[in-house]
Amino acid sequence: MHVDAEPLQGNLFGDFTEASKESISTKKIVDASKTHLSDLQLAEDAKKRPRRRLKPNPSHKNETASLEKNINTSNDEEPAWANHSMVDPNQLTPVLRHYVELKAANPSKVLLYRLGDFYECFFEDAIRLSRILELTLTGKDAGKTIGRVPMAGVPHHAAERYCAELIRRGISVALCDQLESKPSKGSLLKREITRILTPGTVIEEGMLSARKNNWLGAVFIEEPNQQTQIAWGLASADVSTGEFILREGIGLSNLKQEISQINASEIVWGGGQNAAYPKTGVLKHLN
Amino acid sequence: MGGGAECCISKDWCPETSQLTDISSVHFNPLEAENALKKNFQLITLDGLGIQDFALATQAAGGLLAYLHDTKPLDSEINSIPKLDVPSINYKEDFLILDSQTRRNLELTTTQRDNQFHGSFLWAIDRTLTAMGGRCLRQWLEAPLMHAKLICERQEFISTLVEKRSARKVIRKLLRPMGDLERIAGRAGAGQAGARDLIAIADGLERLPKLAQNIKGLSIRIPSFLKEINEVNPSLIRVSSIIRDQLINNPPLNLSEGGLIHDGVDPILDGLRNQLDDQESWLSNQEEKEKVSSKNYNLKLQYHRTFGYFFSVSKAKAANVPDHWIRRQTLANEERFITPDLKAREGQIFQLKARTAQREYELFCKLRDLVGLETNSIRKAARAVAGLDAMAGLADLASSEGYCKPKILIPDNNNSNRFMDIKGCRHPVVEQILVEERFTPNNIKLGKETELIILTGPNASGKSCFLRQIGLIQLLAQIGSWVPAEKAEIGLVDRIFTRVGAVDDLAAGQSTFIVEMADTANILNNATKRSLVLLDEIGRGTSTFDGLSIAWAVSEHLANKLHSRTIFATHYHELNDLSKRLKNVKNFQVLVQKTGKELIFLHQIKSGGASQSYGIEAARLAGVPNQVLTRARTILNKLETEAPTSKKDPSS
């Protein structure tokens with residue numbers, strides 16, 4: 001996977017051309033009128049005016065060096081600007097600034113952003129999608145100081161199919177569409193998130209398997225006290241068929257049992273932001 | 001795996017297959033949750049739902065509704081989230097518990113080896129014809145019943161369908177073309193259904209009275225869960241006739257280009273269509289007129305998506321056309337012309353067409369909303385259909401595979417019905433996969449006097465298969481189905497435990513032996529008098545004597561303390577001694593025939609303990625090189641003569 005992505009990284013950094021300009025322009029051009037020179041004459045000319053080999057671009061050298069450093073320190077083979085949070089939104093082009101704003105509001109979803117005939121995504125989503133969906137990872141110029149950022153996209157008419165594949169893999173998608181065909185003067189096209197697809201809430205025929213329920217679960221775990229085991233509540237709904245079932249129980253292993261029994265495709269809970277629960281044997285502290 | 005480092009609460013309870021989404025904990029607040037439920041179901045109080053005693057689950061429901069609200073599409077005109085039923089409580093005691101190990105070991109919905117549906121238990125028994133029926137059967141399988149009354153209700157109905165073959169055929173014929181009413185109704189409610197979806201609903205609903213008629217023809221008491229078919233809700237009939245009345249039978253996929261609605265449904269639409277007809281006749285008049293004026297009688301009036309209306313003339317005749325014609329396009333062998341009149345009309349026609357399409361779309365949306373209002377009652381009917389389909393499918397299975405109707409023993413207070421007695425039982429999946437040979441049926445009596453069976457026999461003789469088939473038959477019986485046997489009496493169990501094979505869980509950092517012991521611990525801690533326990537080899541992931549000691553102790557505990565119905569398949573032949581010490585332990589073995597060096601597997605189970613495992617024979621069959629086998633035999637002989645310790649009494 002990583003190896004595949006590597007050659008593509010090349011075009012995210014600058015290229016070689018600039019160093020040669022000076023050497024050509026300073027030389028006097030001799031006898032441009034003569035067009036038919038013999039091989040011998042050409043060789044003589046070459047001796048008189050030797051051509052210099054291109055030196056590697058110093059800025060490019062720096063980038064490779066910094067990349068190497070990156071690899072050594074973070075052990076991370078990702079292209080530059082691998083995450084949307086790495087860029088300063090003020091330095092981005094307006095479209096990408098809007099993208100980053102939307103992405104920041106929906107960090108857990110893949111954001112597909114309509115640009116003409118394509119739904120594009122950038123930064124971490126582009127890298128992820130190019131791997132999962134075997135898309136070409138390319139880049140887009142994001143402003144003078146930032147340069148190119150990773151980009152990948154799917155044609156709009158195939159979006160449904162690609163979304164279905166993402167949903168199947170348990171990845172939520174936010175689709176941002178163009179809401180007008182011509183921009184009001186001097187501004188961007190109006191774009192907004194029009195659909196949010198998540199594994200537990202889709203009802204589109206193509207994204208569900210016909211002979212299986214598609215359960216969305218919500219879990220509430222009671223703050224435990226020392227004496228008893230942790231109590232929990234589980235609400236599960238199949239949005240496509242309307243079934244809505246509540247369960248309660250004790251013990252986290254039973255909870256896991258219940259969730260895997262219904263084979264829920266998505267679980268929501270509010271525990272991510274809660275303060276850590278008081279010391280118990282069952283809850284592990286990952287930090 | 002990654003990305004969770006900043007979170008401090010364990011998410012161990014969430015299986016890897018489910019995506020975990022964090023939302024604000026505010027939505028789980030009791031008050032918020034109560035309000036969300038009230039708002040969604042338009043209730044003043046939640047008292048009527050009967051969920052007062054389920055505070056935690058109610059809070060979870062609040063979170064779920066909030067999440068649905070957050071993810072609903074913005075562009076839909078409908079303001080509410082997709083329609084849900086009022087929540088119902090799932091009581092644990094109502095269902096047979098199958099933990100995830102058991103579901104995996106019994107291969108209920110996917111095979112253990114490569115996670116395929118093909119070859120799983122559901123694959124073997126699913127003869128349903130509709131998607132709804134398929135989902136229904138899957139749900140039954142995941143939560144078999146605990147109440148004898150409900151089981152017998154299903155069983156009676158299935159039996160009738162098995163006996164009345166022609167009625168079953170007719171019912172299945174009616175079911176076969178039915179669309180997924182349950183989900184289509186949901187899409188209609190969410191404003192996402194297409195015209196073909198509505199036709200599918202109409203078609204499905206029209207079949208309800210026919211189904212009802214056939215069910216009544218069975219002349220038995222109709223189970224309560226088929227009520228919705230038996231007494232078809234009149235408003236559904238009304239809905240289906242409205243759909244039929246308004247929508248044409250084969251509507252296009254695209255909703256925005258017209259051609260959806262019948263004539264005579266809407267006066268405005270009819271008016272527009274009349275106008276269009278007038279335009280059409282004007283066009284054909286024009287064609288005739290220009291034929292005359294150009295003296296070219298091969299001229300054709302045609303229409304193209306991007307160029308509009310034009311006259312098409314062959315190249316040869318294109319030289320002398322009337323002056324008022326304007327050349328529009330030149331092709332290889334024809335020229336296309338327009339006239340100012342034609343152009344002017346074209347604009348009018350386009351406007352009319354657009355208006356017609358718009359009107360049709362509006363009418364369609366109105367119709368869809370009307371159907372959407374009936375979402376809940378359509379779904380109720382759909383679930384009854386699903387149940388009928390599942391039962392008809394099981395009946396079909398029973399009659400084509402030669403199943404029998406098990407006698408369900410109703411549990412009483414002194415536990416006298418705590419047993420199973422099955423004659424000629426077979427493995428429902430394996431018997432369907434075997435093509436060349438016949439599956440060898442076996443008998444079993446478990447419960448009452450014998451609570452623990454020690455099953456010994458050579459490798460590859462079918463011990464594991466036997467264990468699993470007992471589990472599957474128990475399960476089939478408790479979903480109300482017939483079972484693959486000649487005769488069966490089956491007592492209900494509250495939980496099926498299995499401990500089969502050794503699978504290490506390296507991803508979770510657990511060794512083979514730890515996994516095995518964790519499973520065993522789970523069984524010993526949770527099994528009751530009413531459980532069915534199927535053990536295949538415990539204690540083999542460690543050294544021989546450690547393993548044997550653990551196996552011995554576990555068996556004793558099961559037989560003495562827990563009294564669960566247990567089958568223990570093992571190669572520790574020493575365990576055969578247990579039957580001498582404990583009254584409720586019996587030995588069984590899988591028979592093999594040894595003729596010279598050949599080993600013939602008979603797959604028959606008889607009482608008595610086996611003394612040999614023939615492991616080397618099995619190794620030979622698996623293709624282990626001869627050299628190794630010969631050496632192995634030598635070592636075995638040596639060990640058997642030199643090691644008297646193996647015969648030593650482990651309990652002393």
Side-chain angles (χ1 to χ4, degrees), chain A residues 108 170 172 192-196 198-199 201 203-205 208 210-213 216-220 222 231-235 237 239-249 252-253 255-257 259-274 276-277 283-287, chain B residues 4-5 7-10 12-15 17-28 51 54-61 63-64 67-68 70-71 73-75 82-90 92 98-100 103 131 134-135 138-139 142 180 182-183 186-187 190 192 375-376 379:
Chain A
S108 61
S172 299
E192 244 179 71
I193 292 180
T194 51
R195 269 165 94 197
I196 293 177
T198 79
T201 59
I203 54 173
E204 282 78 0
E205 198 177 5
L208 296 166
R211 290 176 163 265
K212 245 189 220 172
N213 276 101
L216 166 69
V219 168
F220 182 77
E222 193 185 47
W232 47 264
L234 168 66
V239 180
S240 64
T241 65
E243 284 145 289
F244 191 8
I245 294 164
L246 306 184
R247 294 174 173 81
E248 275 187 5
L252 292 182
S253 63
L255 175 60
K256 185 172 185 175
Q257 204 72 258
I259 296 173
S260 63
Q261 177 171 348
I262 60 176
N263 197 6
S265 53
E266 186 178 5
I267 298 287
V268 294
W269 74 319
Q273 298 133 358
N274 281 0
Y277 288 149
L283 296 174
K284 255 193 252 160
H285 291 253
L286 294 176
N287 288 8
Chain B
C7 182
C8 31
I9 299 169
S10 161
D12 281 354
W13 50 267
C14 186
T17 46
S18 308
Q19 192 206 1
L20 188 62
T21 309
D22 277 353
I23 60 171
S24 162
S25 56
V26 175
H27 302 307
F28 291 89
I51 57 173
F54 291 81
L56 295 178
T58 307
Q59 284 174 257
L64 191 136
Y67 184 66
L68 284 181
D70 283 348
T71 52
L74 284 179
D75 57 347
K83 285 203 170 77
L84 292 180
D85 301 347
V86 289
S88 60
I89 306 282
N90 182 310
K92 260 207 167 71
L98 296 164
D99 51 42
S100 53
R103 277 198 306 277
R135 284 199 299 272
R138 186 183 278 262
Q139 283 185 12
E142 278 164 359
D180 193 342
E182 207 178 8
R183 278 186 174 159
R187 284 209 292 277
Q192 289 194 13
T375 298
N376 281 336
R379 276 177 170 165

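We use all heavy atoms of the structure for the numbers below, so side chains are in, but hydrogens, waters and symmetry mates are not.
Between chain B and the residues A:I259, A:V239, A:N213, the largest count of heavy-atom pairs under 4.5 Å involves A:N213. Contact count versus chain B (heavy atoms, under 4.5 Å) is highest, among A:V219, A:L255, A:L234, for A:V219. If you tally non-hydrogen atom pairs under 4.5 Å between each of B:G134, B:C14, B:P15 and chain A, the highest count goes to B:P15. Chain A forms the most heavy-atom pairs under 4.5 Å with one residue out of B:R103, B:K92, B:E142, and that residue is B:R103. With respect to chain A, the highest number of heavy-atom pairs below 4.5 Å among B:R135, B:E182, B:Q59 belongs to B:R135. Chain A forms the most heavy-atom pairs under 4.5 Å with one residue out of B:S88, B:A55, B:G186, and that residue is B:S88.
Proximity to chain B (any heavy atom under 4.5 Å) is shown, for A:S253, by neither the backbone nor the side chain. Within the 4.5 angstrom heavy-atom criterion, atoms from both the backbone and the side chain of A:L216 approach chain B. Looking at B:F28, both its backbone and its side chain come within 4.5 Å of chain A, counting heavy atoms on both sides. Of the two parts of B:R183, the backbone and the side chain both hold a non-hydrogen atom closer than 4.5 Å to a non-hydrogen atom of chain A.
Looking only at atom types and distance, the side chain of B:S100 has no donor-acceptor partner in the side chain of A:Q261 under 3.5 Å away.
The nearest pair of heavy atoms linking A:A264 to B:S18 is O-OG, 2.6 Å. Considering every non-hydrogen atom in both A:G270 and B:S25, the closest pair reads O-CB, 3.3 Å. Smallest separation of non-hydrogen atoms from B:D70 and A:I196: O-CD1, 3.9 Å. Considering all non-hydrogen atoms of both residues, B:A60 and A:G233 come closest at CB-O, 3.6 Å. In plain terms, the two heavy atoms of B:D180 and A:A210 that are nearest each other are OD2-O, 4.4 Å.
Judged by distance alone, with hydrogens and angles left aside, the side-chain atoms of A:Q257 form no donor-acceptor pair with the main-chain N or O of B:D99 at under 3.5 Å. Judged by distance alone, the side chain of B:R187 and the main-chain N or O of A:E204 form no donor-acceptor pair under 3.5 Å.
Each of B:I89, B:D85, B:N90 was evaluated against A:I245; a single residue qualifies, B:N90, per the side-chain contact (heavy atoms from CB on, under 4.5 Å) test.
Interatomic distance, CG of B:L56 versus CZ of A:R247, reported as 15.0 Å (0.5 Å rounding). How far OG1 of A:T241 is from CD of B:Q139: 7.5 Å, rounded to the nearest 0.5 Å. Here B:D12 contributes atom CG and A:K256 contributes atom NZ; the two are 6.5 Å apart, rounded to the nearest 0.5 Å. Going from atom CD1 of A:I267 over to atom CH2 of B:W13 covers 6.5 Å, rounded to the nearest 0.5 Å. Note that CG of A:N263 is 8.0 Å distant from CZ of B:R138, once rounded to the nearest 0.5 Å. Separation of atoms CD (A:E243) and CG (B:L84) is listed at 10.0 Å; rounding is to 0.5 Å.
Inter-residue side-chain proximity for A:W269 and B:D22 is flagged as met; some heavy-atom pair is nearer than 4.5 Å.
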